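One structure is given here, and the rest of the page talks about it.
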Amino acid sequence: MVQFKTTSFALAFTWLVECAALYPRGSTVGTAPACDKANALIPSFNNFSVNNILFDSDYKNASIQRLAGAVQIPTVVGDTNPDPSVDPDFYSNFVKFHKYLNVTFPLIHERLKLNVINSFGLLYTWEGTNPDLKPILFSAHQDVVPVNNDTIDDWKFPPYSGHYDNKTDTLWGRGSFDAKNLVIGQMEAVEKLLEDGFQTDRTVLLAYGFDEEASGTWGAKYISKFVEKKYGENGIMVMFDEGPGLVNVDNGTYLAVVPNAEKGYLDAKVVINGQGGHSSSPPAHTTIGVAADMITLLENNPSSVEFDIENPLYGFLTCAAEYSSQIPITLKKLVLGASNNQTIEALLAQILYSTELTTNYVKTTQAVDVFNAGVKSNAIPETTDFIVNYRIAHGSSVNETKQRFLYYANATAHKFGYGLVVENRTLINSTKLGYINVTYDSPLEASPVSPSSGPTWDILTATIENLFVNDYWREQGLTNNKVYTSTAIVTTNTDSKNYWNVTDTIYRFIGGITSPTILGTVHSVNEHVIMDNHLQSVAFVYEFIVNTNEYGSNIA
């Protein structure tokens with residue numbers, strides 16, 4: 001995942017509870033229904049193996065070994081990675097990983113077609129019997145972020161050990177949750193279906209890029225073009241990519257959080273060009289000082305709120321408000337009442353904006369991530385450069401973000417008597433002091449919002465209902481447990497951004513129960529996954545494929 005991806009919807013739920021104290025009881029705000037409970041779709045496939053996946057100890061032990069072996073291969077990428085055709089040696093660990101997959105999933109490699117795309121991207125095709133049906137696409141990524149060498153001693157177990165702790169049912173290591181668990185889990189599901197003799201009517205694709213952590217430049221971008229060329233624009237029925245899963249919002253009440261949208265992206269790159277010289281004769285402001293002032297100006301003026309009830313986050317908030325007994329009635333009414341009262345909607349937006357746990361979901365965020373200047377303590381730097389990363393909110397745009405940035409760049413240039421060049425256009429002529437140069441990189445609008453109703457959504461929610469209520473909880477005697485499915489939005493970008501042309505239905509969903517403690521370790525120390533939750537993810541892919549075949553033949 002490029003940074004995560006869900007921050008934590010469980011933490012957002014905590015916000016709802018904590019906000020209760022702000023509102024007196026007895027409010028007369030109206031309510032509106034938020035979540036409908038799905039009717040379970042029960043597969044009729046004779047050799048249905050979900051119970052085996054979820055509860056068989058031999059299967060679990062084998063799954064532990066499969067995931068551990070994947071984690072032990074350090075398929076690390078950085079922010080900038082070479083063209084595979086120019087420097088294939090850089091990707092040598094991916095060759096090892098491919099060999100590992102070949103040995104670990106023999107039926108897949110015997111019966112599915114494998115296209116290796118741009119040297120290291122993997123696209124597996126399980127041909128369906130009905131070519132008129134659009135394929136299902138499951139996506140994940142092979143690559144992982146580096147481990148900071150300064151933090152290795154902070155890991156409970158070595159980061160590439162794939163160590164399994166039986167006492168806590170935890171498998172540790174870089175990539176255990178981001179996202180080799182998905183690569184292995186999706187392949188486990190398909191391997192088991194093949195073993196069980198299942199024949200799919202609808203083609204199933206497994207797409208694995210190798211540089212998602214660097215925006216998918218060499219991986220997913222090439223795979224998506226291959227898919228579009230073969231199946232055409234909007235030629236895929238539904239795509240699944242990494243994201244959150246089920247979160248516990250009450251005693252036995254869970255929300256299956258299915259983000260159906262992502263924020264946009266922009267990097268603003270700034271170079272302050274000024275006069276150098278000896279530090280004994282400095283100007284009033286060095287280029288570092290000018291840069292620092294501009295950064296302070298930006299950070300002191302965050303973007304405004306961008307939220308209304310059309311934002312997919314509202315689906316999560318309403319579901320939590322409606323089905324958790326921990327949230328007082330007045331706060332429930334505030335959240336739910338926003339659906340039919342613009343004043344309440346505006347109030348809710350401001351509360352979300354002013355609360356740390358939710359503010360990043362309802363505004364365009366900015367983060368100064370890179371700063372470079374100076375070579376020696378007694379030499380004035382001629383140039384200082386920095387990068388500001390933007391995650392663009394739904395309701396805003398790349399152009400609006402650029403215009404806002406230009407306003408502050410222009411203010412800085414006037415304040416210090418500098419020129420200003422933006423995207424090779426001279427807006428203020430360079431002065432004797434210097435000029436500010438602004439360029440932009442990797443612009444991406446906020447994603448389209450995928451449907452949260454209709455036949456595909458219905459199969460998804462009904463599969464979740466059956467998997468957890470009937471297959472998982474009932475088998476353990478947990479007959480009072482309930483699950484509801486909600487939309488949401490992720491604050492960063494997955495490989496799915498490369499697939500907008502091939503499908504308008506993209507869900508970022510892991511298919512298993514997740515917790516805030518796990519989400520907090522992604523890209524950090526002690527990344528881990530709970531194996532029972534991993535098996536739920538395997539079972540979800542297995543059951544969704546079966547249900548789509550049995551109940552989705554009307555979806556062209």
Side-chain angles (χ1 to χ4, degrees), residues 1-5 70-101 114-124 139-152 159-160 173-184 206-228 241-242 262 264-269 367 369-372 385-391 439-444 490 492-500 522-524 527:
M1 308 173 192
V2 180
Q3 207 64 46
F4 196 49
K5 293 169 179 166
V71 171
Q72 290 163 6
I73 304 172
T75 48
V76 176
V77 298
D79 287 336
T80 304
N81 307 290
D83 183 335
S85 64
V86 174
D87 187 7
D89 290 344
F90 177 87
Y91 301 95
S92 59
N93 281 330
F94 289 86
V95 176
K96 297 176 184 176
F97 188 62
H98 296 174
K99 291 178 179 178
Y100 176 77
L101 295 179
L114 171 60
N115 291 102
V116 179
I117 298 173
N118 201 23
S119 301
F120 302 103
L122 303 178
L123 179 65
Y124 294 91
S139 178
H141 58 90
Q142 308 167 57
D143 54 299
V144 300
V145 297
V147 173
N148 185 338
N149 289 333
D150 294 336
T151 68
I152 288 179
Y160 297 108
R174 176 63 81 233
S176 59
F177 195 83
D178 181 16
K180 286 182 176 174
N181 56 324
L182 272 185
V183 174
I184 298 302
L206 306 177
Y208 303 130
F210 57 93
D211 63 341
E212 189 270 355
E213 302 294 2
S215 298
T217 302
W218 302 113
K221 183 177 290 187
Y222 283 77
I223 298 173
S224 64
K225 290 178 180 177
F226 183 96
V227 171
E228 183 177 6
D241 206 339
E242 56 184 325
E262 297 179 350
Y265 186 102
L266 182 70
D267 282 331
K269 298 185 175 182
D369 292 329
V370 177
F371 190 99
N372 296 297
D385 63 85
F386 61 94
I387 299 175
V388 186
N389 175 248
Y390 287 93
R391 303 302 171 119
T439 57
Y440 300 106
D441 194 20
S442 304
L444 179 72
V490 290
T492 58
N493 304 113
T494 64
D495 266 345
S496 67
K497 68 179 181 290
N498 295 288
Y499 292 86
W500 295 353
V522 173
H523 287 203
S524 189
E527 182 179 347

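Predicted model, so just to flag it, every value in this text is computed and none were measured. What's counted below: heavy atoms across the whole structure, side chains too, no hydrogens, waters or symmetry copies.
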d(Leu444 CG, Arg391 CZ) to nearest 0.5 Å is 9.5 Å
Between Phe97 and Lys180, is there a cation-pi geometry (under 6.0 Å to ring centre, at most 45° from the normal)?
-> yes
Smallest heavy-atom separation, Tyr208 atom then Gln142 atom, equals O-NE2, 2.9 Å
Side chain to side chain contact (heavy atoms under 4.5 Å, CB included) between Ile387 and Asp441, intermediate numbers included = CA-CA 10 Å; Ile387 299 175; Asp441 194 20; over 6 Å; no
Are any non-hydrogen side-chain atoms of Asn181 and Ser176 less than 4.5 angstrom apart?
-> no
Can you tell me how far CD1 of Ile223 sits from OG of Ser139, rounded to the nearest 0.5 angstrom?
-> 7.0 Å
For Lys269 and Tyr440, run side chain to side chain contact (heavy atoms under 4.5 Å, CB included): C-alpha distance rounded to whole Å, both residues' side-chain angles, the deciding distance at 0.1 Å, then the answer.
-> CA-CA 6 Å; Lys269 298 185 175 182; Tyr440 300 106; over 6 Å; no
Donor + acceptor pair across side chains of Ser496, Thr494 (<3.5 Å) | yes
What are the two closest non-hydrogen atoms of Ala179 and Glu242, and how far apart are they?
-> CB-OE1, 3.8 Å
Is there a donor-acceptor contact under 3.5 Å linking the side chains of His141 and Asp178?
-> yes
Can you find a pair of side-chain heavy atoms, one from Val76 and one from Arg174, that are under 4.5 Å apart?
-> no
Heavy atoms of Ala268 and Tyr390 approach each other most closely as CB-CE1, 4.1 Å
When you measure from the side chain of Glu212 to the backbone N and O of Ala140, does any donor-acceptor pair fall under 3.5 Å?
-> no
Do Asn118 and Phe226 have side-chain heavy atoms sitting under 4.5 Å apart?
-> no
Heavy-atom distance under 4.5 Å between the side chains of Tyr265 and Thr492, does that happen here?
-> no
May I ask you to test the Phe94-Pro84 pair for a side-chain heavy-atom distance under 4.5 Å?
-> no
Looking only at atom types and distance, does a side-chain atom of Asn115 sit under 3.5 Å from a main-chain N or O of Ile117, one as donor and one as acceptor?
-> no
With rounding to the nearest 0.5 Å, note down the distance linking NZ in Lys221 to CG in Asn498.
-> 6.5 Å
Ile73 side, atom CD1; Ser92 side, atom OG - distance, nearest 0.5 Å | 11.0 Å
Go through the steps to decide whether Phe90 and Asn81 satisfy the test side chain to side chain contact (heavy atoms under 4.5 Å, CB included), and finish with yes or no.
-> CA-CA 8 Å; Phe90 177 87; Asn81 307 290; 3.4 Å; yes
To the nearest 0.5 Å, what is the distance between CG (Leu206) and CG (Leu122)?
-> 10.0 Å
Do the side chains of Trp218 and Tyr91 get nearer than 4.5 Å, heavy atoms only?
-> yes
How far apart are the closest heavy atoms of Phe120 and Pro88, and which atoms are they?
-> CZ-O, 3.8 Å
Hey, does the side chain of Asp267 reach the backbone of Ser442 with a donor-acceptor pair shorter than 3.5 angstrom?
-> no
Would you check, one step at a time, whether the test side chain to side chain contact (heavy atoms under 4.5 Å, CB included) holds for Phe386 with Val370?
-> CA-CA 5 Å; Phe386 61 94; Val370 177; 5.9 Å; no
Looking at Pro159 and Val71, what are the two nearest heavy atoms and their distance?
-> O-CG1, 4.1 Å
When rounded to the nearest 0.5 angstrom, what distance separates CG in Asp495 from CG in Asp241?
-> 6.0 Å
Nearest atoms (heavy-atom pairs only) where Gly209 meets Asp143 | O-OD1, 3.9 Å
Mark yes when over 12 heavy atoms from residues, nucleotides or ligands other than Asn148 sit less than 6.0 Å from its CG; otherwise mark no.
-> yes
Are the side chain of Asp211 and the backbone N or O of Gly219 linked by a donor-acceptor pair below 3.5 Å?
-> yes
